[in-house]
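These notes are about the structure you will find just below.
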Amino acid sequence: MHDILSQQLTASQRKAVSHIEGPLLVLAGPGSGKTRVITYRIAALINSGVQPHNICAITFTNKAADEMRQRAVALGASAGAHISTFHSLCVRILRRYADNAGINPNFSIYDESDQARCVKQAVKDCELDATNFSPARMLEAISALKNNLVDVDRFKSSAEDFFSKTLAKIYAHYQHILAERNGLDFDDLLMKTAFLLQSYPDVCCQLADRFKFLLIDEYQDTNHAQYVIAKALASPHGNICATGDPDQSIYRWRGADIRNILDFENDWPDATIVKLEENFRSTANILELADNLISFNQNRKEKKLIPTKPSGKDVVVSVCEDEIEEAKTVALCVKELTDQGASLKDIAVFYRVNAMSRLLEEAFIRNKIPYQVVRGVEFYSRKEIRDVLAYLKVLVNPNDEIALLRIINTPARGIGKTTIDKVRDYAAKNRIGFLDAIKKAEHIDSLSKVTKTKLTGFVNMIEQFRMDLTGKVAPLAERVFVESGLAAVLKARGIKEQDALKNIKELIKGAAEYDERVVGTVHELLLLDYLQQISLFSDVDGYDTSSDRVALMTLHAAKGLEFENVFIVGVEDGLLPHAKTDAYNDENELEEERRLFFVGITRAKTGLFISYAKYRTIRGQMLRTIPSQFLFELGIDLTETGQGGKSQVAETDDLSDAAPHFTAGQRVRHKSFGTGRVKEFIDMGENSVVVVEFNTGQTKSLMVKYADLSTI
DNA sequence: CATAGCCGCCTTTTT
DNA sequence: GGCGGCTATG
């Protein structure tokens, strides 16, 4: 079988597949058949006698893991290889070696909103002002520390200035709160695993013995913690195969360190490097644009995209009047494509921010085009779903105060804030958990008799549910939904709540599928496993590739996918690159935004449609936009009209119209105030006002027509 | 203690 | 322009 497989591969691909022992780096450009190579590699390892369960492949999303598993099996490889994301792998390791890691294996995984609550509490505990130390900013800082494996102690000892010292306090409190609730956030999963592997060489050896071959996809987007984990797991045997493309690194903001892939050769001196530069996905003209664009990045290793397909359809750049027209244009183009025989599932629309999906959805609905917004997590963040899950979480992890507080009065059962405060006080005084305090409601003198009864009723219900803990998940979820009273409340409400009911049904259906999947596996706590798994659900995981609908997603979510036809909308300054990035001061941030566009473009096989709107309503205000600089970097003559060239501009744009316009983030120079950055532009025709923060520190509002600002 | 209504906040990307 | 949190009222 192996030989037959090899014949379907190019020479470089074959090299990447057949190189079995020792470190291997596969530098794979977009559309180079990287996924195919990894899958074949798994099959080849198994063919050469490696036990499937000795293989550990790490993918970027659960969806990618599922697909890889299926493909490997389709190639004839027996199932049993461990294929998952870094986070899922860490959950497994942490549960198995919980004692060594110093945690309770029944931990809850805290998502962003849970984290926000905890950090808010921490800020409050430290008696700090939430405006100066906003939870979001603190969380971001803490996340960055964790990704770099800086724990509380280390950060405390290095903190010198006021801000760092304060952050250290909040960090310490935050970790304390999580520990009390037996909760781990996403970053903890990585950090705790990395520390575990560093402190316990024997654990590390056991794992290396279990996973004798390590494969890591999308290596360019690993952060420091993931890097340490990978290195520790592979060090005993050196059988590490990393694949990735530095030009597709788009998660720097999340701690991804591009040096991990650039320095692979230094980390593993005897590494074999295989480059996959041929592109089997896109037409030559699409690749040319991508190549032009990415070559504007200075901080990169030169790499050519070698097309294997001839030039195809012209790339279309559409200039629309506003965002509504843009959405309409996309919908009409989709119709045209389907009229020509394209199927909807071969079409995708990418945008920079999730908020941009709404207008597109409306346009698709109006034009009766089936679509799906690819955002898996949103399902699990719906109120009714979170409610049911909170009940389940409390059953598994009674210390999960976040979940407990959520359900104690949901549905309303007469347990209000005052009661909760009293119970909390009691818990704190007696140094017991919140749930334990409720159990002792009888002993809390400040509570009225009625309240005590209510609390005992609640505890009894929880205890009842707990009897079912070791069984299947779906029946328990259904039971909780009904007996908690949630069902009655939803059913009593109007037609609007039918959606909620449907969602719960969907949840139970999903749980039933889980039960089905794990049938036969021995688990002391299936519910725990289920909850931890769905906590790690990602955006693309909810993407249903089998249904015939247009896919709408962010450029980030598009990573690793490919489509016959791709639309990229909103290619405007302030959106791509996004104004929230520091693209105008920090070349690295600009380059990452450029890579993001590059990733989007290189998803397209034959049809590529790029668009921007001349006016866009932001925060209720319609503003004149500036086309993204990236558009010009594509190397398309944007003034060109007609069909002759390799690209076509759908509508001509009169860029030369009226007084100059500015956008936030733009750098400008003023005769007497010097250089500064535009904070805001208020479009009032010829009386437009621009607010500029000058480098001197002062902020000025200036009338554009008098100010004589020049752009830099 | 529950509910409605108001104010003020934020709005990048995600495992 | 949308959501969450807070307050005033029943």
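Throughout, protein chains are lettered first and strands after them, A, B, ... in sequence-line order, and every chain is numbered starting at 1. All values derive from a computational prediction rather than experimental measurement.
- Nearer the 5' end of DNA chain B, as judged by each residue's closest nucleotide, is the contact made by Glu593(A), out of Asn62(A) and Glu593(A).
- When rounded to the nearest whole Å, the span between CZ of Arg254(A) and P of dT15(B) equals 6 Å.
- Listed by chain and number, the residues in a salt bridge (Lys or Arg N to Asp or Glu O under 4.0 Å) with Glu218(A) are Lys34(A), Lys559(A) (sequence neighbours excluded).
- Asp111(A) comes within 4.0 angstrom of nothing in the nucleic acid, heavy atoms only.
- Judged as a side chain to side chain donor-acceptor pair (under 3.5 Å), and not counting sequence neighbours, Tyr426(A) has no contacts.
- Evaluation of the side chain to side chain donor-acceptor pair (under 3.5 Å) rule for Arg413(A) yields Tyr391(A) as partners, not counting sequence neighbours.
- dT15(B) atom P lies 7 Å from atom CG of Asp541(A), rounded to whole Å.
- Checked by distance alone, His578(A) brings no side-chain donor or acceptor within 3.5 Å of a matching partner on the base of dT12(B).
- At least one side-chain nitrogen or oxygen of Thr419(A) sits closer than 4.0 Å to the OP1 or OP2 atom of dC1(B).
- For Lys580(A), whose side chain is taken as the heavy atoms from C-beta onward, the closest listed nucleotide among dT15(B), dT13(B), dT12(B) is dT12(B).
- Residue Thr418(A) has its side chain nearest to dC1(B) when only dC1(B), dA2(B), dT13(B) are considered.
- For Tyr251(A) and Phe60(A), the gap between ring centers is short of 6.0 Å.
- Between Phe597(A) atom CZ and dT12(B) atom C1' the separation is 17 Å, expressed in whole Å.
- Checked against salt bridge (Lys or Arg N to Asp or Glu O under 4.0 Å), Lys383(A) has the following partners two or more places apart in sequence or in another chain: Asp387(A).
- What you find for Phe598(A) and Gln248(A) is that their closest heavy atoms are CE2-CG, 4.1 Å.
- Nucleotides dG4(C) and dT13(B) are separated by 23 Å at their C1' atoms, to the nearest Å.
- When rounded to the nearest whole Å, the span between CG of Asp188(A) and C1' of dT15(B) equals 13 Å.
- Remark: His82(A) engages Phe211(A) in a ring pair (Phe, Tyr, Trp, His ring centres under 6.0 Å) (not counting sequence neighbours).
- Atom-to-atom, NZ of Lys383(A) to C1' of dG2(C) comes out at 18 Å; the value is rounded to the nearest Å.
- Side-chain atoms of Leu207(A) and Tyr97(A), non-hydrogen and from C-beta on, do get closer than 4.5 Å to each other.
- Contact annotation: Asn223(A) does not reach the phosphate of dT15(B) (side-chain N/O to OP1 or OP2, under 4.0 Å).
- The distance between atom CG of Asp114(A) and atom C1' of dT15(B), rounded to the nearest whole Å, is 14 Å.
- Look at CG on Leu89(A): it is 17 Å from P on dT15(B), rounded to the nearest Å.
- Nearest nucleotide to the Thr581(A) side chain, out of dT12(B), dG5(C), dA2(B): dT12(B).
- Mapping Leu596(A) and Arg413(A) onto DNA chain B by nearest heavy atom places Arg413(A) closer to the 5' end of the strand.
- We find that the ring of Phe86(A) and the base of dT15(B) do not stack by the test of centres under 5.5 angstrom and planes tilted less than 30°.
- Between Arg137(A) atom CZ and dT11(B) atom P the separation is 12 Å, expressed in whole Å.
- Near DNA chain B, defined here as any heavy-atom distance below 4.0 Å, the residues from residues 349-359 of chain A are Arg352(A), Val353(A), Asn354(A), listed numerically.
- Look at Ser538(A) and you'll find a side-chain N or O under 4.0 angstrom from OP1 or OP2 of dT15(B).
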